[in-house]
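Everything numeric here is computed off the predicted structure, so don't read it as measured data. As a basis for the values below, the full set of heavy atoms in this structure was taken, side chains included, without hydrogen atoms, waters or symmetry mates. Labels below follow one simple rule: chain letters A, B, ... track the order of the sequence lines, proteins then strands, and each chain is numbered from 1.
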Amino acid sequence: MRIASYNINGINSRFAVLERWLKEFQPDIVGLQELKCTDDAFPAAAIEALGYSAIWHGQRAWNGVALLSKVGRPVETRRALPADPNLEQSRYIEAAICGILVGNMYAPNGNPQPGPKFDYKLAWLDALKAYAQDLIDGEVPAMLIGDYNIIPTDEDVYKPERWKKDALFAPAAREKFRELVEQGWTDALRKTHPDERIYTFWHYWRNSFERDAGIRIDHALLSPPLAKKLKKAGVDRTPRGWEKTSDHGPMWVELKL
DNA sequence: ATGTCTGGCCCGGCCAGA
């Protein structure tokens, strides 16, 4: 079973890329972020035609998250964090699929910092942490996937000094991620690539992808019952090289269920 | 410091957000 997370950066403007990636890589379950469309504008029929059932939580122009599955219809369990500090923003959707609770998020970017956007980022991460602790306490076979907008360590960025002033690399944000993982979650990509630089995002400008000047901000955290079933994890770099593509590459986790 | 791309506004380039 292959579960992927992909910040598509506008589902309608990137639909050709999404379609090609789904066809070529055949993920079983996909969490999408940054749909940048209203619920009405979500390309439901086209996704259904590709063999995926979907649930989505859109928003005009910004944010937006969806879950796709070709291994059974997602049974929606949440469309916001329990203590979400701003319900206007579509940043979380969750479903039970094949006995797994899949939480898919688009965490706040937080720039510029310091400032209200950074405060919101930290408040949102606090709400995530509180809910994540409940999932750990309940021994739920859960995974929290998506764009966390956090570079966890110096090993997750091509040139740490270049990101020193960015909210994605701010000590307070990195601390939240560390505390979250320490609840007992397994960072699937880092677990399977302990000594490797592995990125999920490359800026559009300055030939970042060609130079591999990337950062790792898309993550999959597995609760202990699921971590036991982790086989492999990786990043599909191929779609990042396609025309009119997202600035992220899809990351994936393979579980033996 | 720079740099790129999209959606929104409403029809032509700007601006915000990332």
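- Between A:L168 atom CG and B:dA18 atom C1' the separation is 9 Å, expressed in whole Å.
- As rounded to the nearest Å, B:dA18 and B:dG3 have C1' atoms that lie 13 Å from one another.
- Separating the P atom of B:dG17 from that of B:dG12 is a span of 25 Å, rounded to the nearest Å.
- Map A:I11 and A:N7 each onto its nearest nucleotide of DNA chain B; the residue landing nearer the 5' end is A:I11.
- Not one side-chain nitrogen or oxygen of A:K36 sits closer than 4.0 Å to the OP1 or OP2 atom of B:dC5.
- Taking atom P on both B:dA1 and B:dG13, the two are 31 Å apart, rounded to the nearest angstrom.
- Geometric assessment of A:R197 against the ring of A:Y158 yields a negative cation-pi assignment under the 6.0 Å and 45° thresholds.
- Put simply, A:L101 and A:I29 are part of two different groups of oily side chains (I, L, V, M, F, W, Y) that touch within less than 4.5 Å, one to the next.
- Distances were taken from every side-chain heavy atom of A:R60 (C-beta onward) to each of B:dG3, B:dC5, B:dC9; the shortest belongs to B:dC9.
- Nearer to the 5' terminus of DNA chain B, by closest-nucleotide assignment, is the contact made by A:T245 (compared with the other of A:T245 and A:C37).
- A:L189 places none of its side-chain heavy atoms less than 4.5 Å from the side chain of A:D218.
- For the segment residues 146-153 of chain A, the set of residues with a heavy atom within less than 4.0 Å of an atom of DNA chain B is empty.
- Rounded to whole Å, atom C1' of B:dC5 lies 12 Å from atom NE2 of A:H248.
- Between the side chain of A:N86 and the backbone N or O of A:E88 there is at least one donor-acceptor pair closer than 3.5 Å.
- Across the protein-nucleic acid pair, A:Q59 atom CD and B:dG17 atom C1' stand 12 Å apart, rounded to whole Å.
- For the pair A:E210 CD and B:dT4 C1', the interatomic distance rounds to 12 Å; values are reported in whole Å.
- Whole-Å rounding puts the A:Y204 OH to B:dT2 C1' distance at 18 Å.
- A:F209 comes within 4.0 angstrom of nothing in the nucleic acid, heavy atoms only.
- OP1 or OP2 of B:dG7 sits under 4.0 Å from a side-chain N or O of A:S13.
- The nucleotide whose nearest atom lies closest to any side-chain atom of A:K117 is, among B:dG17, B:dG8, B:dG3, B:dG17.
- Taking the P atoms as reference points, B:dC10 lies 14 Å from B:dC15, given to the whole Å.
- A salt bridge is defined here as a Lys NZ or Arg NE, NH1 or NH2 lying under 4.0 Å from an Asp or Glu carboxylate O, and A:E94 with A:R79 fails to meet this definition.
- Look at A:R14 and you'll find a side-chain N or O under 4.0 angstrom from OP1 or OP2 of B:dT6.
- For A:Q33 and B:dG17, the CD to C1' distance is 17 Å, given to the nearest whole Å.
- The nearest whole Å value for the distance from the CZ atom in A:F201 to the C1' atom in B:dT4 is 10 Å.
- At a cut-off of 3.5 angstrom, counting only N and O atoms as typed in the model, there is no donor on one side facing an acceptor on the other between the side-chain of A:R206 and the base of B:dT4.
- Distance OH (A:Y106) to P (B:dG17): 12 Å, rounded to an integer number of Å.
- With B:dA1, B:dG8, B:dT4 as the candidates, the nucleotide lying closest to the side chain of A:R162 is B:dA1.
- For A:K70, the salt bridge (charged side-chain N to carboxylate O under 4.0 Å, His left out) partners at least two apart in sequence or on another chain are A:D28.
- Cluster annotation: A:M143 and A:V65 are assigned to the same hydrophobic cluster (Ile/Leu/Val/Met/Phe/Trp/Tyr, side-chain heavy-atom contacts under 4.5 Å, transitive).
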| task | Give the intermediate values and the outcome of side-chain hydrogen bond (donor to acceptor under 3.5 Å, both in side chains) for residues A:N63 and A:E34. | result | CA-CA 4 Å; A:N63 309 320; A:E34 280 204 86; over 6 Å; no
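- Residue-level contact check: A:K165 touches neither bases nor backbone, having no heavy atom under 4.0 Å from any strand.
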